[in-house]
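Indexing begins at 1, ligand by ligand and atom by atom, following the structure's order.
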Amino acid sequence: MPEKQIALVSGGTRGIGAAISARLIKAEYEVIALYNQNEEQANNFKRETNVHILKCDVSHYDTCADTIENIQNEYGKISVLVNNAGITRDGFFHKMDRQMWSDVINTNLNGVFNLTHLIWPSMIENGYGRVINISSINGQTGQMGQANYSATKAAVLGFTRTLALEGARRGVTVNAVAPGYIETDMMASIPEKVLDKIIAKIPIGRLGKADEIARCVEFLADPASSFITGSTLTANGAQHLV
Ligand code: CAA
């Protein structure tokens with residue numbers, strides 16, 4: 001393993017992803033954060049944290065392939081991959097059109113396939129890797145208005161378990177983190193009356209903080225977490241007990 005490990009965080013300049021990038025850089029990883037649209041916020045984040053940033057739409061395989069090749073040429077092999085990029089297009093199923101379905105599938109699920117598929121061979125070849133997939137409480141339980149999102153977040157758990165089996169003898173661990181409701185921009189799309197109902201169901205009595213998820217990721221990324229693979233680390237303020 002190189003002295004300075006390279007960590008790639010998709011959706012790594014905002015919300016939970018930004019907290020993950022910030023934590024990993026503090027823990028002495030060389031961190032590359034991918035962002036898709038919000039260039040200004042990404043540049044500010046880079047200035048504040050020294051995290052490297054790259055624009056990459058994770059839903060496009062060829063774009064991901066170019067990005068990964070550039071990273072490997074410039075920084076070296078990636079040993080930690082955090083599949084965090086995710087979007088919501090909420091709406092009750094009878095109002096959900098095909099675009100809302102495919103946008104979410106393409107980013108949240110195909111994005112996980114794309115990055116992992118491109119990085120997996122070098123992890124296997126190196127005999128070392130950490131893949132951490134960000135799922136969600138809503139993939140564990142289902143959620144009104146999120147047939148698309150909860151389908152992707154449940155799928156990510158199956159993907160995690162299968163890759164854990166395939167990586168087990170090659171030094172590559174694959175785990176998921178399932179956050180509950182966390183204070184991020186994603187929550188802004190939830191109507192206030194609905195948010196009140198959601199918070200009322202969280203036994204801790206508040207939303208989670210992005211850094212409370214980031215520390216789960218830092219723990220799973222650690223070389224010493226080598227016997228933990230195929231697991232789902234749940235952090236949801238006791239909202240759903242598994
Ligand atoms: N919990 C409880 N009740 C809910 C609910 C929820 N999650 N979502 C909707 N409802 C209720 C509403 O309160 C409302 O009830 P009343 O008629 O009694 O007021 C009823 O369902 C209809 O809801 P709306 O009036 O809001 O209907 P709409 O068609 O305008 O919007 C919706 C539907 C888009 C699903 C909207 O309600 C919504 O955005 N709900 C939140 C969905 C959600 O939880 N998304 C999670 C986003 S955060 C995230 O995804 C991160 C993560 O991983 C946890």
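Of the charged side-chain nitrogens involved, at least one lies within less than 4.0 Å of a carboxylate oxygen, so that R206 and E212 count as a salt-bridged pair. Contact check on E218 versus R23 returns a salt bridge, with a Lys/Arg side-chain nitrogen under 4.0 Å from an Asp/Glu carboxylate oxygen.
Looking only at distances, no side-chain donor or acceptor of N133 sits under 3.5 Å from a matching main-chain atom of T160. A donor-acceptor pair is defined here as one N or O able to donate and one able to accept, closer than 3.5 Å; such a pair exists between the side chain of N175 and the backbone of S231.
Near ligand 1, heavy-atom contacts under 4.0 Å come from T88, D90, G91, F92, K95, S136, N138, Q143, M144, G145, Q146, Y149, G180, Y181, M186, M187, I190, P191, K193, V194, K197, I198, K201.
By the 6.0 Å contact criterion, NZ on K26 is open, its count of non-hydrogen atoms from other residues, nucleotides or ligands being 12 or less.
Sorted by first and then second residue, the ring-ring contact (aromatic ring centres under 6.0 Å, His included) pairs involving residues 54-89 (not counting sequence neighbours) are H52-Y75, Y61-H117.
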